[in-house]
Structure formats: structure tokens, C-alpha cells
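Only this structure's heavy atoms are used, side chains among them; waters, hydrogens and symmetry mates stay out.
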Amino acid sequence: MIVGVPKEIKTEEYRVSMTPAGVKELVKRGHRVIVQEGAGAGAGFKDEDYKGVGAEIVKTLEEVYDKAELIVKVKEPQPEEYKLLHEGHILFTYLHLAADENLTRALMERKIVGIAYETVETDDGYLPLLAPMSEIAGKMAPQEGAKYLEKPQGGLGVLLGGVPGVPPAKVVVIGAGTVGMSATMVAAGMGADVTLMDINVERLRRAEEIIPANVKTLFSTDYTIREAVKNADLVIGAVLITGAKAPKILTRDILREMKEGAVLVDVSIDQGGISEFSRPTTHKDPVFVAEGVVHYCVANMPGAVPRTSTFALTNSTLKYVIKLADMGWKDAVRSDKSLARGVNLVKGFITHKAVAEAFGLDYHPVEEFI
Ligand SMILES: NC(=O)c1ccc[n+]([C@@H]2O[C@H](COP(=O)([O-])OP(=O)(O)OC[C@H]3O[C@@H](n4cnc5c(N)ncnc54)[C@H](O)[C@@H]3O)[C@@H](O)[C@H]2O)c1
């Protein structure tokens with residue numbers, strides 16, 4: 001198969017969908033890989049690195065879409081890319097269709113097969129292509145929180161780990177899933193006094209098996225949250241109710257009871273965020289203050305560490321890319337239920353229930369097409 005790796009054109013997106021090591025695997029299996037000039041630059045890969053493992057380098061985005069059958073990307077296509085897609089293309093990338101009706105309708109019109117990383121799901125509900133980005137955002141959260149707790153950045157002026165004779169900062173992590181656990185372990189490693197909260201006792205029980213002594217767990221209710229965040233220096237929002245908007249846990253009155261200059265790193269912002277005031281921000285302008293609390297609400301946190309993110313993403317996507325290239329999409333999807341759950345669009349029809357429901361469109365199970 002001919003596989004295309006375009007340069008990402010979304011603002012501030014520096015990741016690339018395939019590393020030279022991934023390209024080498026495909027070439028070894030007899031596939032052709034077309035890489036756009038400069039596609040890997042943001043993540044630290046040179047065109048020569050790709051050429052060295054057998055990729056063909058082309059100058060323009062148009063050439064990639066023209067030549068390739070399987071387009072492997074990181075972010076959803078941007079409006080200038082819509083017209084380059086056509087029937088016969090298989091697009092494998094993060095799509096987040098339920099959040100964007102224009103994109104959904106544009107991709108339906110282009111009659112492509114669209115497979116979304118974020119809905120590839122194993123039988124036990126694990127999202128193997130979303131988890132690596134949650135791990136990264138989770139690990140970044142205490143790091144960003146520590147930065148914005150510094151006085152010149154608008155924070156309280158507290159050092160996360162404290163020093164002998166001065167207690168460490170109090171960190172409250174709300175949600176003990178992938179983001180929450182990664183954040184907890186980093187915050188604890190930095191020496192903070194961490195409280196990890198969840199509404200799922202089983203999650204807290206599992207956490208108890210691995211957390212160090214400076215972390216305690218607390219069942220999450222309106223009452224316990226209010227009490228915990230009152231004394232917190234840093235709060236990390238890491239909740240997820242699959243498919244739904246994040247609950248507005250930090251209401252105006254709760255924020256008013258928090259310390260002036262405390263920081264909220266609201267990782268859940270891509271689902272709307274946990275503060276009544278949360279709105280998406282960018283790496284260029286990441287924070288704003290509401291009710292005295294510094295809100296950090298960057299919606300694509302992993303974009304700031306494109307090299308790590310690219311490796312983490314491609315480590316997980318490669319086996320599916322190989323399957324799609326080796327078998328073609330129909331046989332690949334027939335043989336792999338997790339991948340089948342990733343198919344959102346086939347030739348103008350929506351094959352993901354939640355996406356169809358989001359826009360009142362007809363739902364067609366992918367089995368109709370394979
Ligand atoms: N901003 C970014 O760059 C970025 C990057 C990656 C992930 N995320 C987002 O971070 C969020 C968390 O992702 P995840 O992979 O950790 O999800 P996850 O499903 O692994 O964990 C979510 C946890 O939240 C808990 N929860 C739900 N409601 C709660 C409540 N009221 N109080 C306490 N806990 C509650 C759930 O029980 C679950 O344990 C998602 O919205 C995800 O999309 C954002």
C-alpha cells in the first residue's frame with residue numbers, strides 16, 4: 001500500500017504521525033511511504049532520516065494526498081485539507097468528530113474511510129491510542145502547576161516540594177484515571193503533599209497499591225471536594241465521564257473559598273473543564289485568573305513536548321498502521337474488533353453511534369460495509 005505522512009498544519013502542532021523507525025517497518029514489508037518535506041522537523045526528525053529508511057520525500061501537502069491511499073496524521077484535517085481528500089482514501093488520525101459538525105459533514109462529503117485514534121477501544125474499555133496522551137498530560141500537570149505557583153507567574157509563591165522546616169505544597173488531584181495517576185506520581189515525586197480523589201472506589205483501591213507515603217486517597221463528593229480544595233495550593237482536574245461534558249465541580253463559591261493565587265491545571269478542559277470559568281487556552285497564552293485562582297486550561301498539553309509525544313503516539317499506532325497497510329482496511333477491521341470501533345466514517349456514512357447521535361445523523365454499523 002502507499003502510505004502518506006503529511007506535515008501537520010494545525011496551529012502549534014509540532015507532532016508527526018510516524019517516526020523514521022515506523023517508516024522502516026512499513027518499507028521492510030514492501031509498502032511505499034510518502035513523507036512531506038519538513039513533516040518531522042517539529043519533533044526533531046530530518047528529511048534525511050526518513051530518506052535513509054526508504055521514504056520518498058515530496059514537497060507539498062497536495063502530493064502526499066495525491067499519491068497515498070492510507071493517510072496517517074496526528075490532528076483532524078484542517079479546512080484547507082478537506083478538498084485534498086477523496087473516495088478511496090483511508091484516513092487514520094485523531095478526529096474528535098462529535099465536537100465538530102463542519103468537519104464531520106465535510107468528511108462525509110469526501111466519502112473517505114475515517115478511522116479515529118480516540119475511539120479505537122479494546123474489549124475491556126481501554127483506549128490504547130488516547131492513553132499515551134493522557135499519560136503525558138498527566139505528567140506535565142504538576143510541572144505546569146509548579147511553574148504557575150511561582151509569584152512572577154501570578155501564583156501563590158509556593159515551592160511544590162517545600163524545604164526542611166517549611167511544609168510542601170498541598171496538591172489535590174481530582175480523578176484517579178490515566179491523567180490523575182500520572183499527575184499524582186509526579187507531584188509526589190516532587191515532594192508535594194498529595195490528595196487523590198475519585199468517585200470510583202475501585203480506582204482508589206488500585207491506587208493505594210502503588211502510591212507513596214505522601215499521597216492519600218479521598219472519596220470524591222461535593223463536600224469532600226470543597227474541604228480539600230479550600231487548603232490546596234494546586235488542583236489538577238483529571239475527571240472523565242466517557243462521552244459526556246466534564247462536571248463543573250469547582251463552582252464560583254468553591255473557587256471563592258480557595259486561596260488567592262492557588263492554581264488549577266484543568267486537564268479535563270477538552271471535555272469542557274471542571275471549573276465554572278474554564279475555557280480552552282493555548283500554549284502561547286495558557287493561563288487566566290478567575291475568582292483569584294490561576295486557571296491553566298491548555299487543550300493540547302502534549303503538543304508542548306512533541307518529541308516525547310510523537311514517540312509515545314507512534315509506539316501505539318504503528319501496529320494498527322501496519323495492519324491497515326498489510327491487509328487493507330476491510331480485512332484489518334474484520335480481524336480486529338478494537339480497530340473496528342475506531343471506524344467513524346465509511347463512504348459518506350457515519351459508523352460511530354455517538355457521532356451519529358451528536359448530530360442527529362443516521363448510524364450505520366461498520367459491519368454493513370465489510
Ligand atoms: N488537555 C489535554 O491536553 C489533555 C490530554 C490528554 C487527556 N485529556 C483529558 O483528561 C481527562 C481525563 O482523561 P483520563 O485518560 O485520565 O480519563 P480516565 O477515564 O482514565 O479517568 C477519569 C477518572 O475520572 C473519574 N471521575 C469522573 N467523575 C469524577 C468526579 N466527579 N470526581 C472525581 N473523579 C471523577 C473517573 O471515575 C475516572 O477514574 C479527559 O477529559 C481527557 O480527554 C486532556
- Task: Spell out, yes or no, whether Met140 and Leu196 are grouped together once hydrophobic residues are joined by side-chain heavy atoms under 4.5 Å, including indirect joins.
- Result: yes
- Message: Which residues pass the salt bridge (charged side-chain N to carboxylate O under 4.0 Å, His left out) test with Glu56, not counting sequence neighbours?
- Response: Arg32
If you measure from the Lys or Arg side-chain nitrogens to the Asp or Glu carboxylate oxygens, is any gap between [X] and [Y] under 4.0 Å?
X	Y	answer
Lys248	Glu276	no
Lys147	Glu144	yes
Glu76	Lys10	yes
Arg205	Glu208	no
Glu357	Lys353	no
Arg206	Glu209	no

- Please confirm whether the backbone N or O of Ile274 pairs with a side-chain atom of Ser268, one donor and one acceptor, at under 3.5 Å?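 Side chain of Ser268 to backbone of Ile274: no pair is present.
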- Message: Strictly distance-based, threshold 3.5 Å: is any side-chain N or O of Asp233 a donor or acceptor partner for the main-chain N or O of Lys170?
- Response: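 Answer holds: yes.
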- Query: Strictly by modelled atom types, are Tyr82 and Glu109 linked by a side-chain donor-acceptor pair under 3.5 Å?
  - Reply: no
- Query: Do Ser278 and Asp266 have side-chain atoms, one donor and one acceptor, less than 3.5 Å apart?
  - Reply: yes
- Task: Tell me, please, whether Phe45 has Arg307 positioned over its six-membered ring: NZ or CZ under 6.0 Å from the ring centre and within 45 degrees of its axis?
- Result: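 Yes, Arg307 and Phe45 form such a contact.
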- Item | CD1-CG distance between Ile34 and Leu70, expressed to the nearest 0.5 angstrom | 11.5 Å
- Is Asp253 atom CG crowded by more than 12 heavy atoms from other residues, nucleotides or ligands, each under 6.0 Å away?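 For Asp253, atom CG is crowded (more than 12 foreign heavy atoms under 6.0 Å).
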- Compare all side-chain heavy atoms of Leu234 with those of Leu160 and state whether any distance is below 4.5 angstrom.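 They are in side-chain contact.
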